[in-house]
Amino acid sequence: MPTMNSALKALFFALVQLQAAEALDNGIGRKPHMGWSSWNVAQCNSASAKYAIDTANKFISLGLKDLGYEYINIDDCWTTRSRDGNGKLVPDPSKWPNGIKPVVDQIHGMGLKFGLYGCAGQQTCAGFPGSDGSKHAASDVAQLADWGVDFWKYDNCYTPCLDNPPPQTCGRPNGNTKTWYAPMRDAILAVQDKHKIHFNLCNWGRDEVWKWGAEYGHSWRMSTDNWGDWASVERIGSSSAAISGYSGPGGFNDLDMLYLGSSKINADQERIHFGLWAIAKSPLVLGLDLNKISDWTLGIIRNKGIIAINQDSLGKPATTFTPPGKQGPVNGKIHPYWAGPLSDGVVIGLCAGTSGGTYGVSFKDVPGLSDSEYSWEEMYTGQKGTGKSISFDIKLHDMRVIKVTTTPRKIRGSTAL
Ligand code: GLA
């Protein structure tokens, strides 16, 4: 007879296992995903085979694949306006003349991955067929698996609403978002032995998705859309700090696509946008036309040091801290001081979010560091140094991303700190 104690233990482990079985932990998404998405390029018009293949070629010719950019993701509008007689999604023949599979095969042949977009509601946000909760979830996933699709962004338009029929964006949802994301999560889990799919929840941060997202998907949008302007960068970037603790390997806060290369933000703002997304461990998903990218923007998205920080194996986002005597974070504004742990050090982000000037810190005031000398490297300017503090002149809306190394350095065969 088991004692009460051992019976309780058995129950506890059974519950833990049940929880683990429910979580979408299928071994992928251990690092923030990197890639490109069609949406910002030309909305519906860029959801085509031509854009997918062109972008895959650009990933190779621009050296992006070698830097870790991997997913070619097609967003809304890739299907026809209605399902076929068997209830299947139909790739729009004017955009996918040979269907989806040959494109996926070609992209896989280039060593890259391919993603598609769907919606938990009756229609996608642009009015194409949605999976409608449990109605089409299993059959849609079977189709994705047959085609070899690696990534599925799942939107939240036309979902159950107290207003009937549900509008595109519901102000009075009829239930918790989880309710309509669960059938798709379960459908993806059911095919995972055959084909693993990265599940990206796009519920725009509703119902505090960061608290439960890791049980449902590999990444989740934590805000409404990035519209590409400075106000979006401020709104999304600043709000990532408070929820950083929920993000980690297997489940990351998704700050939305990188809106670089448009004329909506200036050159310095592009650096803070990319740098902040990277240290917050957001997926790095390029939302721009790679045929039209400037050398400046290319330099930002190809910054090896910042990419390495984003892809660090620890997967822990940076968050804000306040050195003694400085003002604490202000809601909706980008705080100047950010720090986060890395597997071999600490990343410090210094952001001139509200005014240009001199920004610096003593390492003893930085979480994870102490009153010691450290080696550091700034990733945008390439400056390097050793010491107990750092200081930079930073223009309004620009940023410095500093990696401080804490692991022992080998010097001529011996180990030095
Ligand atoms: C929503 C999403 C966007 C994009 C569009 C497509 O607004 O949040 O990222 O996918 O739908 O219609």
Side-chain angles (χ1 to χ4, degrees), residues 40 226-241 255-282 284 286-288 292-310 317-340 346-363 365-366 376-385 387-404:
N40 294 349
N226 178 0
W227 300 111
D229 52 356
W230 173 247
S232 294
V233 175
E234 263 192 320
R235 166 177 55 86
I236 301 173
S238 61
S239 58
S240 77
L255 277 59
D256 202 4
M257 294 163 273
L258 292 157
Y259 221 129
L260 305 177
S262 78
S263 50
K264 296 184 181 181
I265 55 173
N266 68 30
D268 297 324
Q269 292 167 341
E270 288 204 341
R271 292 220 282 210
I272 205 168
H273 181 4
F274 188 76
L276 208 47
W277 265 232
I279 68 171
K281 300 287 146 84
S282 172
L284 298 178
L286 307 168
L288 57 100
K292 298 180 183 155
I293 193 165
S294 68
D295 286 348
W296 172 265
T297 305
L298 204 47
I300 293 175
I301 67 168
R302 290 203 295 209
N303 188 304
K304 279 190 183 159
I306 296 183
I307 291 172
I309 287 166
N310 176 260
T319 189
T320 51
F321 70 98
T322 305
K326 304 287 184 190
Q327 196 194 351
V330 175
N331 233 351
K333 298 286 168 204
I334 297 177
H335 189 63
Y337 308 98
W338 295 69
V346 167
V347 60
I348 300 175
L350 295 176
C351 298
T354 49
S355 59
T358 305
Y359 289 85
V361 281
S362 296
F363 291 140
D365 297 328
V366 178
W376 55 267
E377 181 176 356
E378 200 290 309
M379 300 304 178
Y380 277 133
T381 59
Q383 281 171 271
K384 289 181 185 177
K388 290 189 164 195
S389 63
I390 41 170
S391 175
F392 298 91
D393 288 331
I394 312 180
K395 280 198 288 174
L396 175 66
H397 294 171
D398 198 355
M399 178 177 186
R400 295 290 176 271
V401 179
I402 303 102
K403 176 171 174 180
V404 181

Looking only at heavy atoms, what is the nearest atom pair of S232 and W227, with distance? OG-N, 3.0 Å
Can you name the nearest heavy-atom pair linking A318 to V347, along with the distance? CB-CG1, 4.4 Å
Nearest heavy atoms of I265 and G228, plus distance in Å: CG2-O, 3.4 Å
Would you say H273 and L258 make side-chain contact, with heavy atoms under 4.5 Å? yes
Just by distance, do the side chain of H335 and the backbone of S238 share a donor-acceptor pair under 3.5 Å? no
Short question: side chain of S362, backbone of S389 - any donor-acceptor pair under 3.5 Å? no
Any carboxylate oxygen within less than 4.0 angstrom of a Lys/Arg side-chain nitrogen, looking at D229 and K264? no
Give me the atom names and distance for the closest heavy-atom approach of S355 to A352. O-CB, 3.4 Å
Using 0.5 Å steps for rounding, measure from the CH2 atom of W376 to the NZ atom of K403. 14.5 Å
Reported CD1-to-CG distance for the pair I236 and L276, which is rounded to 0.5 angstrom: 10.5 Å
dist L260:CG -> L288:CG (nearest 0.5 Å) comes out at 6.5 Å
Inter-residue atom distance I307.CD1 - I301.CD1, 0.5 Å rounding: 8.0 Å
Check whether D268 reaches the backbone of D398 with its side chain - one donor and one acceptor, N or O, closer than 3.5 Å. no
R271 vs R400, test: side chain to side chain contact (heavy atoms under 4.5 Å, CB included). Steps then yes/no. CA-CA 9 Å; R271 292 220 282 210; R400 295 290 176 271; 3.5 Å; yes
Flag the pair I300 / I306 as yes when at least one side-chain heavy-atom distance between them is below 4.5 Å, and no otherwise. no
Contact summary for G275 and V401, nearest pair of heavy atoms: CA-CG2, 4.3 Å
Give a yes or no answer on whether the side chain of D256 reaches the backbone of N226 with a donor-acceptor pair at less than 3.5 Å. yes
Is there a donor-acceptor pair closer than 3.5 Å between any side-chain N or O of D365 and the backbone N or O of P324? no
Verdict with reasoning, I334 to T354, per side chain to side chain contact (heavy atoms under 4.5 Å, CB included): CA-CA 7 Å; I334 297 177; T354 49; over 6 Å; no
Full working for side chain to side chain contact (heavy atoms under 4.5 Å, CB included) between I279 and M399: CA-CA 12 Å; I279 68 171; M399 178 177 186; 3.8 Å; yes
Might you work through the side chain to side chain contact (heavy atoms under 4.5 Å, CB included) test for I348 and F363, ending with a clear yes or no? CA-CA 10 Å; I348 300 175; F363 291 140; 3.9 Å; yes
Separation of E377 CD from I402 CD1 (nearest 0.5 Å): 11.0 Å
Considering residues at least two apart in sequence or located in another chain, which fulfil the side-chain contact (heavy atoms from CB on, under 4.5 Å) criterion with H397? W230, Q269
For Y337, the option from T322, T320, L350 that meets side-chain contact (heavy atoms from CB on, under 4.5 Å): L350
For residues A339 and V346, report the shortest heavy-atom separation together with the two atoms involved. CB-CG1, 4.4 Å
Quick one: CG on L255 to CH2 on W277, what's the gap to the nearest 0.5 Å? 5.0 Å
Any donor-acceptor pair under 3.5 Å from K333 side chain to R235 backbone: no
